[in-house]
Amino acid sequence: MPPESHNDYDTETLEKAFVCRRMPPDVEAAMAARFRVDRNESDALLSPAAIAERARDVSVLFVTATERIDGELLRNLSPALKTVATLSVGHDHIDLATARELGIDVLHTPDVLSDACAEVAMMLLLNAARRGYEADRMVRGGQWPGWAPTQLLGKGLVGKRLGIFGMGRIGRAIATRARAFGMRIHYHNRSRLPAELEDGAIYHATLADLCVHSDMLMVAAPGAPQLKGALDAAHIAALPRGAVVANISRGDIVSDDALIAALQSGHVFAAGLDVFANEPNLDPRYRQFDNVFLSPHIGSATEETRNAMGWLLLDGLAALRRGERPANLISAVANAQPT
Ligand code: DGY
């Protein structure tokens, strides 16, 4: 078992770690107790070159989805670097193949954030379907003339088909909540789930077929190079007219041009987006739509969840150092697994 308190560690022999972003206070304290930590105090985004400079000689690199951990950076930090620990379930920002080639372990944070992400997924869906942005603006801006029978009519969730693209842990947590709202669940994955995980959801072997059967579509597939632009103009055209689209996964899975054209034409009634291509510099056209609910990548942003993510990485590191293979160790072939 690893020591429980700071005093139990021999500070002379602690491994060196670099922390690329500021973490919740308890997580930072625990990291400082277990490693000789240097951290990015300013929390400004660091380029791979800046990380290479700051993290020279460390054996542990704590990153998040905002850092690009490419092959060149890993080669620069090898052989000292032994573990990359990312405070995210997604790992599309890390060159896993090079990590494997260099013998660098990569840890991530599955499971502990599924409920938090599913909550935000429902927030996106409800705000898009029930016109949350316009409603808030009307009241806040002093523009509310009072109740009216035709005011801000949206689309209800009850009885609608929710198509979930990516029925991994997060997708299934969304399905559980959506069922409670009276929705019928359809999904597309690379392969069909066993019946106990499907829980009555209807499988579609292609994304196109899922789109045809989705009154509302939730993107919950993991970020991966092969999924870039997967929800393209043809898929969006296959949605029933008046569909709602939400994205809790990675922005680059959706073609911005295609979604924006469909919002302009009215083919898509509304969208709810928590993630964007090229964050934080999202396509500025999204800001012009009243029927797009925008959220700044806060899927896992609860105190409990971010702490749990931090602990999962620290526990994983302790397990690795004991010679074990923790469940949150990513293998190089994991790239397209649903999250
Ligand atoms: C994740 O965990 O992948 C979230 O998107 C935060 O990066």
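Along the sequence shown, residues carry numbers from 1. Note that ligands are numbered from 1 as they come in the structure, with each ligand's atoms numbered from 1 the same way. Since the structure is predicted, the reported quantities are computational estimates derived from the model, not experimental observations. We use all heavy atoms of the structure for the numbers below, so side chains are in, but hydrogens, waters and symmetry mates are not.
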Please tabulate, line by line, the atom pairs linking an N/O of ligand 1 to a protein N/O at a distance below 3.5 Å, with the distance in Å to 0.1, or answer 'none'.
from	atom 1	to	atom 2	distance (Å)
ligand 1	2 (O)	V89	N	2.7
ligand 1	3 (O)	V89	N	3.4
ligand 1	3 (O)	G90	N	2.9
ligand 1	3 (O)	R250	NH2	2.8
ligand 1	5 (O)	R250	NH1	2.7
ligand 1	5 (O)	H297	NE2	2.6

> Can a salt bridge be assigned to the pair E198 and R172 using a cut-off of 4.0 Å between side-chain N and carboxylate O?
Replying inline: no

> With S59, which residues qualify under side-chain contact (heavy atoms from CB on, under 4.5 Å), at least two apart?
Replying inline: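 E15, K82.
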
>> I'd like to know if the side chain of R321 pairs up with that of T83 as donor and acceptor (distance under 3.5 Å, no hydrogens or angles considered).
In response: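 Indeed, the side chains of R321 and T83 share at least one donor-acceptor pair under 3.5 Å.
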
> Going by the ring pair (Phe, Tyr, Trp, His ring centres under 6.0 Å) test, which pairs reach into residues 95-154, not counting sequence neighbours?
Replying inline: H91-H108

> Which residue pairs pass the salt bridge (Lys or Arg N to Asp or Glu O under 4.0 Å) test when at least one of the two sits in residues 146-167, sequence neighbours left out?
Replying inline: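 Output for this query lists R161-D215.
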
>> Are Y187 and Y203 an aromatic pair, judged by ring center distance below 6.0 Å?
In response: yes

